[in-house]
Number of protein chains: 2
Amino acid sequence: MLTQKVLGVKGEEDPAMGRPKDTGRTAGAGRGAEGGRTVGIKDVARAAGLSITTVSHALNGKGQVSTRTRERVRQVAEELGYRPNPAAQVLLSGRTGVIGLAAGHQSSEPWERTYRPYYAAFTAGAMVEAVDRDYALVVVPVGPGTDLWTRIPMDGLIVVDPIAGDPVINEALRRGLAVVTDGRPIDPAHAELPYVQSDIVTGIGLVMDHLHDAGARRIGLLSGSELDSFTLDSEQTYAEWCTTRHLPAAVERTAPGEPARDAARRLLATRPDAVHALNRTYGEAVLAAAQALGLSIPGDLMVTVMDEVEPGTRPALTTLSLDPRRVGSACAAALIDRLTGAEPEPVTVPSRLVPGESTQRG
Amino acid sequence: MLTQKVLGVKGEEDPAMGRPKDTGRTAGAGRGAEGGRTVGIKDVARAAGLSITTVSHALNGKGQVSTRTRERVRQVAEELGYRPNPAAQVLLSGRTGVIGLAAGHQSSEPWERTYRPYYAAFTAGAMVEAVDRDYALVVVPVGPGTDLWTRIPMDGLIVVDPIAGDPVINEALRRGLAVVTDGRPIDPAHAELPYVQSDIVTGIGLVMDHLHDAGARRIGLLSGSELDSFTLDSEQTYAEWCTTRHLPAAVERTAPGEPARDAARRLLATRPDAVHALNRTYGEAVLAAAQALGLSIPGDLMVTVMDEVEPGTRPALTTLSLDPRRVGSACAAALIDRLTGAEPEPVTVPSRLVPGESTQRG
DNA sequence: TCGGATTCCCAAAACCTTTTGGGTGGCGGA
DNA sequence: TCCGCCACCCAAAAGGTTTTGGGAATCCGA
């Protein structure tokens, strides 16, 4: 009886399918040099015996065109397979319907970040929001010597973690693009830009309180060399927290190009009983350095990290999660608000603490 | 001593930064209705007292222009902040430097898939490949009633899991776009398209052998309602495997719109001792249905699933992983080959089996 | 039959750049 | 002195669409 089903599966299939033995070679279509030029509105007009104007009006429901003519134009256009050239429409209207997402720091290997969970989730959130509002999102690489993005038409740009004097922002503004940033712009020249930020102040507070409650008294911070608001605010909030509690503070930063593990080693040399790391890489570096020193976790050292966790899973390291999907969504919303004339609402997205084993003593 | 460091951090910062108390309101720039129109090549020509032609030549290093003039043009253009309008360049050259990635089936909620790990990894792979070869990647939503993607200029399109008579492919071809698919095109009309595919035949073989080695003799397959090559090839390979081994086969499909759990229940009613599920959702549905029946895993029922696992982690469910990043990369490469005149190499990306607890008896 | 209002349609400008195919003036050689 | 060549530059077309500002019929009432 089971076998019957399988036969059924085999038999009732579309006859079109065959085993994949054919090679996937290239086809004929395309705007190549071959015969078939694309059919333009001009061709439709000629075929219908009408003017270009009338065809345009008929197709777009704009001007005064008799119903009969309108219908005939539709018919002819359909037969010819006419499709308006998007590039021409963009040139004319100035509106592309595309917003860009600048991925990658000027200061770092641009694409390394793409793989990171934060970017992936951010992108997904921004994409959905954009599409909901009838925009497409193009993720563009930026970085030293990468000007590809300037050659692709777009209406606005989302810049993640802007830095002081951010060249991408400057170039975008010069081009007349609307700009929204994820993270407060550091540069005073960009202070007027709309932005979305994660609630780092509260988030760092959550982490520190959590560690403190777990018994930590010498909490170190492993930070980065990038001067974005996330890093700066994290460091500052951390410092204020320590000062308020009259507890010692130790910040260590990875120099540009330096392996995170070296910075982690330096930090552990200050003998902290807990460390908060500003991203996953740094967190792993702390773990590695701790292991090299024979420190047990969480017994000798508690570790927390800024990272993204899959919803519903429990991370090994206690994690401060920034909800990047919501941040991305908010960025896209703000940018599109700006493009459509609405005043973007300043947004602060709350972060949440996901406890893991790395801070659970006993 | 620890405290000193913190003071250092607070003190040596760029004076530009301040606490984030200012609201992120909108700025002034933009091509809005306000005064500042964008400066075009015409403005540069006028300012330099030259013709448009000469300016263009000077800026692009094309025609015969004296070094002195060339330099002066550069100077003026810089001062005016001239940037060529990408839309005009696209209209003229016909080349956008953008390739699209169609996300979502015509038959399914378009965005549901975006969140899936497969898409995320696929996108990342395609994006990196595209950028390496000086193309940008725009992820466009497709689905019933979604024609947004047709309005954005691009040179080619990657279609994931094409179905019979795929409307996206047809529309793309009609527009003269180059098309590459992830998964062999089902429709005979698209048989000539270049494609990249995962090695499903080998992959299913791995899964079935693995289950068989673990003692399974009545292996069921939980499949989907989409008629793409992934589904079809999986089912067919599965059926052939069962036939060759003279073992019973049971395939159950979720009807469109039907909760996966119902199909899983139907499948378990055939009393299999192992089930392979064609995606994560289906795998979870099998687990849920098994639990409802009081079946223990892997004791009473072994479960395998097609899914992506983070490299270096061990999944709970034994997983057939398709290496979507490589697939995405190969798709982008093939598409760009096609655009640049090269003949795309047909590619088959191997899949790998990652054993988990769900098939380890004893 | 004429004027005016309608109805339907069209020519041309505009969007911005690149490229083609000259055109102009100066210089050297004859 | 004249011719040809060279160096430098430019006008105009092309690319495909939308929109502006009419223009030519047609129809109605007077």
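Below, chain A is the first sequence line, B the second, and so on; all start at residue 1.
One can place CD of A/Gln64 at 11 Å from P of C/dT6, the figure rounded to the nearest angstrom. With rounding to whole Å, A/Arg151 atom CZ is found 15 Å from C/dT17 atom C1'. Rounded to an integer number of Å, the gap from CZ of B/Arg175 to P of D/dG16 is 14 Å. One interatomic measurement links the two molecules: CZ of B/Arg72 to P of D/dC8, which rounds to 14 Å at whole-angstrom precision. Whole-Å rounding puts the B/Leu59 CG to C/dT19 P distance at 13 Å. What separates CZ of B/Arg95 from P of C/dT18 is a distance of 14 Å, to the nearest Å. Separating the CG atom of A/Leu80 from the P atom of D/dG16 is a distance of 14 Å, rounded to the nearest angstrom.
Remark: side-chain polar atoms of B/Thr69 are not paired, donor with acceptor, to backbone N or O of B/Val65 under 3.5 angstrom. Side-chain atoms of A/Ser56 do not come within 3.5 Å of backbone N or O of A/Thr53 as any donor-acceptor pair. Judged purely by atom type and a 3.5 angstrom limit, A/Asp337 has no side-chain atom pairing as donor or acceptor with the backbone of A/Ala342.
Rounded to 10 degrees, the angle separating the terminal helix axes of the helix from C/dT1-D/dA30 to C/dA30-D/dT1, each built from five base pairs, is 70°.
When side chains are defined from C-beta on, B/Leu148 does not count as touching B/Val140, because their heavy atoms never get closer than 4.5 Å. Looking at B/Arg83 and A/Thr150, their side chains never come closer than 4.5 Å, going by heavy atoms from C-beta outward. The side-chain heavy atoms of B/Val160 and B/Tyr119, taken from C-beta on, include a pair separated by under 4.5 Å.
Checking D/dC10, C/dT7, C/dA11 against the side-chain heavy atoms of B/Leu50 singles out D/dC10 as nearest.
The heavy-atom pair separating A/Pro162 from A/Arg184 by the smallest distance is CG-O, 3.9 Å. Considering all non-hydrogen atoms of both residues, A/Ala130 and A/Leu137 come closest at CB-CB, 4.4 Å.
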Between the protein and nucleotides 17-24 of chain D, are there any N/O to N/O pairs under 3.5 Å, and if so, what are the atom names and distances?
residue: D/dT17; atom: OP1; partner: A/Tyr82; partner atom: OH; Å: 3.1
residue: D/dT17; atom: OP1; partner: A/Asn85; partner atom: N; Å: 3.1
residue: D/dT17; atom: OP2; partner: A/Ile41; partner atom: N; Å: 2.4
residue: D/dT17; atom: O5'; partner: A/Tyr82; partner atom: OH; Å: 3.4
residue: D/dT18; atom: OP1; partner: A/Asn60; partner atom: ND2; Å: 3.3
residue: D/dT18; atom: OP1; partner: A/Gln89; partner atom: NE2; Å: 3.1
residue: D/dT18; atom: OP2; partner: A/Ser56; partner atom: OG; Å: 3.1
residue: D/dT18; atom: OP2; partner: A/Asn60; partner atom: ND2; Å: 3.4
residue: D/dT19; atom: OP2; partner: A/Lys62; partner atom: NZ; Å: 3.0
residue: D/dT19; atom: O4; partner: A/Thr53; partner atom: OG1; Å: 3.4

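Listed by chain and number, the residues in a salt bridge (charged side-chain N to carboxylate O under 4.0 Å, His left out) with B/Arg72 amount to none (sequence neighbours excluded).
A close approach under 4.0 Å does occur between a side-chain nitrogen or oxygen of B/Thr54 and OP1 or OP2 of D/dC10. The shortest distance between the side-chain N/O atoms of B/Ser93 and the OP1/OP2 oxygens of D/dG15 is not below 4.0 Å.
Comparing B/Gly63 and B/Leu91 by the nucleotide of DNA chain D whose heavy atom lies nearest to each, the residue mapping closer to the 5' end is B/Gly63.
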